[in-house]
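This one's a predicted model, so the numbers in the text were calculated from it and none came from an experiment. Hydrogens, waters and symmetry mates play no part in the numbers below; they use all other heavy atoms, side chains included. Every chain is numbered from 1, with letters handed out A, B, ... down the list of sequences.
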Protein chains: 2
Amino acid sequence: MSDTGLRVLVVDDEKAIRRYLRTSLTALGYEVLEAANGNEALQATMTDHPDILVLDLGLPDMDGVEVVRRIREWSNVPILILSVRDREDDKVVALDAGADDYLTKPFGIKELLARIRVAIRHHTPGQQDTVFEVEDLRVDLGKREVFVQGNRVALTPTEYDLIKVLVQHAGRVLTHSQLLRQVWGPAYENESHLLRVNISNLRRKIEPNPDQPRYILTEPGVGYRLRED
Amino acid sequence: MSDTGLRVLVVDDEKAIRRYLRTSLTALGYEVLEAANGNEALQATMTDHPDILVLDLGLPDMDGVEVVRRIREWSNVPILILSVRDREDDKVVALDAGADDYLTKPFGIKELLARIRVAIRHHTPGQQDTVFEVEDLRVDLGKREVFVQGNRVALTPTEYDLIKVLVQHAGRVLTHSQLLRQVWGPAYENESHLLRVNISNLRRKIEPNPDQPRYILTEPGVGYRLRED
DNA sequence: TTACTTTTTTGAGGAGTTTTCGATGAAGTC
DNA sequence: GACTTCATCGAAAACTCCTCAAAAAAGTAA
């Protein structure tokens with residue numbers, strides 16, 4: 001099947017369900033990651049940056065809603081709840097905690113897939129919005145490509161993640177810890193040196209004159225901001 | 001109830017359901033618009049720009065999915081489907097046509113409201129800018145920017161924190177110790193010299209004539225006040 | 001597996017800002 | 001005139017930011 005390039009993290013303690021979802025999703029071109037409990041889910045979300053989570057509420061080590069809350073402290077990745085609990089209050093609690101959708105087991109695979117498409121459509125804004133431009137800089141989030149004066153620039157994965165977050169909040173100041181949390185994960189919140197080195201490398205690749213940045217502006221004492229017209 | 005300022009367009013041919021939703025939603029501070037068929041829905045969406053649609057699929061004049069398609073040609077307003085049809089294919093078709101969620105009747109009102117919150121949360125992600133203005137001074141707390149006569153002024157972190165607190169209480173007197181506590185922390189409550197130096201620096205940056213302050217006014221013996229219109 | 005390349009992380013130095021603090025003077029009050 | 005409050009200046013101390021370079025880790029190909 002066609003490759004969507006999208007990565008789904010399936011979180012469920014039942015191996016059978018994980019395998020079922022893996023088969024269905026892989027057939028449609030998604031890449032599937034798996035986690036069997038809450039801690040694995042949090043870990044995988046931090047390290048692997050999936051494009052969407054399909055999360056069972058009944059996990060052995062912690063409540064699914066708690067997983068949602070923890071992730072929402074630093075990430076907006078779409079979360080689709082899959083649960084046997086059909087009580088209205090359970091749904092309300094999960095949705096208000098930051099989940100994007102709630103599907104009750106047993107579920108139809110076609111509906112699940114349709115709802116995954118909705119969640120992803122939501123989170124990756126339409127093709128128009130995926131291209132960011134200022135002066136001679138062009139960032140195409142859809143194609144994962146960056147151009148300076150029309151020439152493609154090769155960025156490392158970390159550098160790309162960094163500019164992606166900046167583009168998504170173009171014009172706004174992002175604090176050091178916001179950037180560190182979103183690019184490296186919450187554990188790196190205070191590693192500001194890491195951020196500086198990467199900003200420096202990024203500037204060397206995309207700024208006409210890295211000494212006097214035109215695109216990635218330093219907000220002293222606070223963070224960085226990607227210029228916007 | 002508190003006013004959300006958000007407008008919901010309820011599309012259903014049954015008057016009883018419209019009235020039920022109007023009551024529930026109004027009680028929560030939403031403004032409710034109504035449409036009884038597809039054409040009214042399209043019309044109302046174009047003219048009234050609601051923040052979200054709650055759309056029944058079974059309409060007398062056209063299929064609900066067709067309404068979704070027509071709206072999606074030009075608008076991304078969140079659309080939440082409400083339908084008696086529980087077949088999986090119906091859901092998939094509606095969601096793929098561009099609907100954001102699908103709820104089967106009979107539905108729980110709390111779940112509906114939670115899903116409305118999700119849809120709105122999704123579609124209005126940007127933090128609104130709280131902008132403060134007096135004469136030639138402009139403080140944008142959302143973007144963390146300060147302008148004087150249209151020119152951006154670079155403030156140090158402390159200076160910005162200071163003006164932020166003043167803006168948040170614009171028009172009111174803030175005592176020395178209030179300002180010191182909020183900007184430097186409770187331990188600095190009595191360091192009024194610190195405050196004076198920073199107010200002075202701030203004035204030099206934002207006042208047309210720092211000798212005769214127009215924005216940051218001294219309240220002798222008490223504290224400082226940011227002027228308000 | 002091993003060897004090789006690329007990427008990420010850590011370390012150290014220097015330039016530049018920002019914060020803090022003491023000194024001084026002006027203005028108002030008793 | 002003595003006392004308090006407020007504003008400003010300038011210098012020391014503390015901190016932030018940037019860069020280069022080396023070490024460690026991760027990825028890739030035979």
Against the side chain of B/Y188, the closest entry in C/dT20, D/dC6, D/dT8 is C/dT20

Would you mind checking if B/R115 and A/D101 are paired as a salt bridge, meaning a charged N to carboxylate O distance below 4.0 Å? yes

Testing C/dT9, D/dA7, C/dT10 for proximity to the side chain of B/S200, the answer is D/dA7

Atom CG of B/L202 to atom P of C/dT18: distance rounded to whole Å? 13 Å

Nearest whole angstrom, please: distance from the C1' of C/dT8 to the CG of A/D161. 13 Å

Whole-Å distance between C/dG11 P and A/L194 CG? 12 Å

How does each nucleotide of nucleotides 25-30 of chain C score, in 5' to 3' order, for protein heavy atoms under 4.0 Å: base (B), sugar-phosphate only (S), or none (-)? ------

Using a distance-only test with no angle check, is there a side-chain donor-acceptor pair under 3.5 angstrom linking B/T218 and B/R203? yes

Contact under 4.0 Å: A/W184 side-chain N or O vs C/dT8 OP1/OP2: no

Which of the following nucleotides, D/dC20, C/dA23, C/dT7, is nearest to the side chain of A/P157? C/dT7

What is the separation between atom CD on B/E191 and atom P on D/dT5, rounded to the nearest whole Å? 15 Å

Give the nucleotide from the list D/dC9, D/dT19, C/dT19 with an atom nearest to the side chain of B/V197. D/dC9

What nucleotide, of C/dA12, D/dT16, C/dT7, holds the atom closest to the side chain of A/T156? C/dT7

Exercise: do A/D100 and B/H122 side chains pair donor with acceptor under 3.5 Å: yes

side-chain contact (heavy atoms from CB on, under 4.5 Å) with A/R138: which residues, sequence neighbours excluded? A/V131, A/E133, A/D140, A/F147

Can you tell which of C/dT20, D/dT8, C/dT9 lies closest to the side chain of B/H193? D/dT8

Name the nucleic acid region contacted by A/E159, choosing base, sugar-phosphate or nothing; use a 4.0 angstrom heavy-atom cut-off, strictly under. nothing

So which nucleotide from D/dT8, D/dC18, D/dT19 ends up closest to the side chain of A/R203? D/dC18

d(CG, B/N198; C1', D/dA7) in whole Å: 13 Å

A/D211 side chain: which of C/dT8, D/dC18, D/dT19 is closest? D/dT19

What's the NZ-P distance between B/K205 and D/dA7, to the nearest Å? 18 Å

Measure the acute angle between the ring planes of A/Y20 and A/F107, then classify it against the limits of 30° and 60° as parallel, tilted or perpendicular. tilted

Please tell me which of the listed nucleotides, C/dT7, C/dG22, D/dC17, lies nearest to the side chain of A/T218? D/dC17

Pair A/R87-A/T104, side-chain donor/acceptor within less than 3.5 Å: no

Once you round it to whole Å, what is the distance between P of D/dA7 and CG of B/N201? 12 Å

Ring pair (Phe, Tyr, Trp, His ring centres under 6.0 Å) with A/Y224: which residues, sequence neighbours excluded? A/H176

Side-chain donor/acceptor of A/T45 to backbone N/O of A/A41, under 3.5 Å: yes

Tell me: CZ of B/R196 to C1' of D/dT5, nearest whole Å? 6 Å

For the side chain of A/Y224, starting at C-beta, report the closest nucleotide among D/dC18, C/dC21, C/dT20. D/dC18

